[in-house]
There are 2 protein chains.
Amino acid sequence: MSVTIYDVAKKANVSMATVSRVINGNTNVKPTTRKKVLAAIDELGFRPNAVARGLASRKTTSVGVIIPDISNMFFAELARGIEDIATMYKYHIILSSSDQNLNRELDLFDNMLEKQVDGVIFMGGSVSEDHVKAFKNSNIPVVLAATVDESNEIPSVNIDYYTAIQDAVHHLIEEGGHQTIGYVANHSRSTIEQSKIQGFKDKLEKQQLEVPNHLIYEGDDTYQSGLKAADYFLGLDEAPSAIMTSSDEMALGVVHGAQDKGLKIPDDLSVVGFDNTRLSVMVRPELTTVVQPMYDIGAVSMRLLTKLLKNEEVSEDQVVLPHRIIKRSSTNH
Amino acid sequence: MSVTIYDVAKKANVSMATVSRVINGNTNVKPTTRKKVLAAIDELGFRPNAVARGLASRKTTSVGVIIPDISNMFFAELARGIEDIATMYKYHIILSSSDQNLNRELDLFDNMLEKQVDGVIFMGGSVSEDHVKAFKNSNIPVVLAATVDESNEIPSVNIDYYTAIQDAVHHLIEEGGHQTIGYVANHSRSTIEQSKIQGFKDKLEKQQLEVPNHLIYEGDDTYQSGLKAADYFLGLDEAPSAIMTSSDEMALGVVHGAQDKGLKIPDDLSVVGFDNTRLSVMVRPELTTVVQPMYDIGAVSMRLLTKLLKNEEVSEDQVVLPHRIIKRSSTNH
DNA sequence: TTGAAAGCGCTAACAA
DNA sequence: TTGTTAGCGCTTTCAA
């Protein structure tokens, strides 16, 4: 059996309440008493039981994190941002991958409630009414990271995807002089992807450029589908001279797909990525890309959650972080 | 206040013990009673409190996972393997990144003990005596994933790094005809890295080839240090015609570093990676690499842990998974 | 500044 | 098949 607060109390000749005060840093303890207790703790190798504490205090100092897939570099960076801030505020993280499966997302959330997490950071493709209902009924704060809820009822941290894509396309049109631009979308058709597609279309239409449906290719966010997208676009009668993508990984696929066909990037084809993951400089030429600061999104989300947890004043719970375009060598300009 | 087992009992006109039996799937309950209880649970929206359960049963069904850095693709894959099996066995994962800092590793382990995790999966550069002592004194099972403990006292899952490197070098020598081979090591000098270096040296010496110290470059496991390694090796008077690396990411750096200098891979230089991460096919030419099945290592580690947790028979607790060389186009053969 | 005592919500003997 | 009764190890009033 392990050492309890009770054993410590006996050893130090005080009551368990005093021991509890000491381990919780309560100031109402006489220094000498504190010293005595600390000595006993040390001697016995006492280690507080967080589960018992959680039951008694109704606080577990752990937060749930639900993300699509931890093995994806993109989400992993987000997770790291969350973790670093969580550590700073002494929270533990219970991590689960959902594979963007709605029911699994809801199940995981439920499991986390059973575990009595103090709060949750959620990342997923879309936020259904069921999600919102579950989040609101839970009585714990939930923050959406890189995930938009159209009802705006749940606190969230994002960038402005609509404008971000437009900025990238602007670069292609104005600095590259491109007229025909393809877009490699993510077939998930998440709320965010919808914004991106809409931004893409609106921008081109504003420039009097057409966006026939065949200029939008549905990828699945993998390198392989980037390869296929290149195949597809370059086989078109009127092949685009620039390709915008919804992620760096697909952009890498497009670059290599085009190079495999003998094209020179960016002379024959410009390619733009999205996210600015570490991947974007691990290719030749290096990728022009939209910076989505995943680590920061994670960190800011967690920070926001800690405020919610401590009932601190939160001036704005729909946080929009700045984005920007990094121009490297995969586009002409 | 939330609904408790007690409320359910009252509603269903049974004792709390019966409710407990129902939610735990105990078979000693009359079907009609079970139905009554289930109905009450449903009606009240009862959700069992895992913390209370954990305190009473001394089992939390959660396991701690300590890895160097979740934002590293390599570790993230391991984490996913762990997670999938954990989910399968209904365990939750408490995840923490250690940055390979020994003290932090020990701290994290301690924190996890406070949280009363049922077991821990540990991954780190080296396992000191303090680690072994902490693990053994903890009274919970610990499994090392892709991490070797020279004392062999802690269950672990690995591949044979020594032989793996030798197989790769063998390929370089026998099929590529290389005489001068450089090695990009990981400066962490982890136990595993030591094995790799030793394997590298022994293999070359067996072939009567020299291994002067300047043919071993200390990288830091990043793409950037691969770039620098290429710079270094190609600036040597007697530049190697092949470079072995300790990770795919560094291999990618070497490939691009060499290409930036106008060399053709593999005609002018052969490059071999390590791990077979997804990165290895995201480069031209695609990487010849040593397959270290990270997902499997994670999955097998977790499976082993569940056996330990359930006191199942474990025939061998020092698991060595098979490795192999995938020959792609970054080496001549 | 300290102690006594009542829970937190559940499991697990033990009895019935 | 069901109920009774102790805890699990801690926090948190309330009193002293």
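Convention: sequence-line order gives letters A, B, ...; per-chain numbering from 1. Keep in mind that the numbers below use all heavy atoms, side chains included, and drop hydrogens, waters and symmetry copies.
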Under a plain distance cut-off of 3.5 Å, with no hydrogens placed, do [Y] and [X] share a side-chain donor-acceptor pair?
| X | Y | value |
| --- | --- | --- |
| B:K115 | A:T61 | yes |
| A:S97 | B:E83 | yes |
| A:Y161 | A:Q194 | no |

When rounded to the nearest 0.5 angstrom, what distance separates CG in B:N72 from CE in A:M73?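 Answer rounded to 0.5 Å: 7.5 Å.
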Side-chain polar contacts of residues 30-45 of chain B - donor-acceptor pairs under 3.5 angstrom, sequence neighbours left out - could you list them?
{"unit_1": "B:T33", "atom_1": "OG1", "unit_2": "B:K30", "atom_2": "O", "d": "3.4"}
{"unit_1": "B:R34", "atom_1": "NH2", "unit_2": "B:N26", "atom_2": "O", "d": "3.0"}
{"unit_1": "B:E43", "atom_1": "OE2", "unit_2": "B:K11", "atom_2": "NZ", "d": "3.4"}

I need the minimum non-hydrogen distance between A:I154 and A:V142, along with the two atoms involved.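 Looking at all heavy atoms of both residues, the shortest contact is CG2-O, 3.5 Å.
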So, the side chain of A:E316 versus the backbone of A:Q318: is there a donor-acceptor pair under 3.5 Å, distance only?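 Looks like yes, one N/O pair under 3.5 Å.
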I'd like to know if the side chain of B:D7 and the backbone of B:T4 have a donor-acceptor N/O pair within less than 3.5 Å.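 Confirmed, B:D7 side chain pairs with B:T4 backbone.
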Distance-only donor-acceptor hits, side chain of residues 106-113 of chain A, under 3.5 Å, sequence neighbours excluded:
{"unit_1": "A:D110", "atom_1": "OD1", "unit_2": "B:R47", "atom_2": "NH2", "d": "3.3"}
{"unit_1": "A:N111", "atom_1": "ND2", "unit_2": "A:D107", "atom_2": "O", "d": "3.4"}

Phosphate oxygens OP1/OP2 of C:dG9: is one of them under 4.0 Å from a side-chain N or O of A:R58?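 So the side chain of A:R58 is within the cut-off, an N or O lying under 4.0 Å from OP1 or OP2 of C:dG9.
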Are A:S15 and C:dT2 close enough that a side-chain N or O sits under 4.0 Å from OP1 or OP2?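 So the side-chain polar atoms of A:S15 never come under 4.0 Å of the phosphate oxygens OP1 or OP2 of C:dT2.
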What nucleotide among C:dG3, D:dG9, C:dT2 has an atom nearest to a side-chain atom of B:L55?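 My answer, after comparing the listed nucleotides, is D:dG9.
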Mind listing the residues from residues 35-45 of chain B sitting with a heavy atom below 4.0 Å of DNA chain D? Number order is fine.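 DNA chain D contact set from residues 35-45 of chain B: none.
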Determine the contact category for B:V51: base if any of its heavy atoms lies under 4.0 Å from a base atom, sugar-phosphate if only primed atoms, P, OP1 or OP2 are that close, otherwise nothing.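 Contact class for B:V51: none.
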Taking [atom1] from [X] and [atom2] from [N], how many angstroms apart are they, rounded to a whole number?
| X | N | atom1 | atom2 | value |
| --- | --- | --- | --- | --- |
| B:N28 | C:dT11 | CG | P | 15 Å |
| B:D7 | C:dG9 | CG | P | 9 Å |
| A:K10 | D:dG9 | NZ | P | 13 Å |
| B:K59 | D:dG9 | NZ | P | 13 Å |

With axes from five pairs an end, tell me the bend angle of the helix from C:dT1-D:dA16 to C:dA16-D:dT1, nearest 10°.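 Answer for the end axes of this duplex: 30°.
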Quick one: side chains of residues 122-129 of chain A, donor-acceptor pairs under 3.5 Å with protein atoms, not counting sequence neighbours, listed by atom name and distance.
{"unit_1": "A:S128", "atom_1": "OG", "unit_2": "A:D130", "atom_2": "N", "d": "3.3"}
{"unit_1": "A:S128", "atom_1": "OG", "unit_2": "A:H131", "atom_2": "N", "d": "3.2"}
{"unit_1": "A:S128", "atom_1": "OG", "unit_2": "A:H131", "atom_2": "ND1", "d": "2.6"}

Could you check whether B:R104 pairs with B:D99 (Lys NZ or Arg NE/NH1/NH2 to Asp/Glu carboxylate O, under 4.0 Å)?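 No, this pair does not count.
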List the protein contact pattern of nucleotides 10-16 of chain D with one symbol per nucleotide (5' to 3'): B for base contact, S for sugar-phosphate-only contact, - for none; contact means a heavy-atom distance under 4.0 Å. BBB----
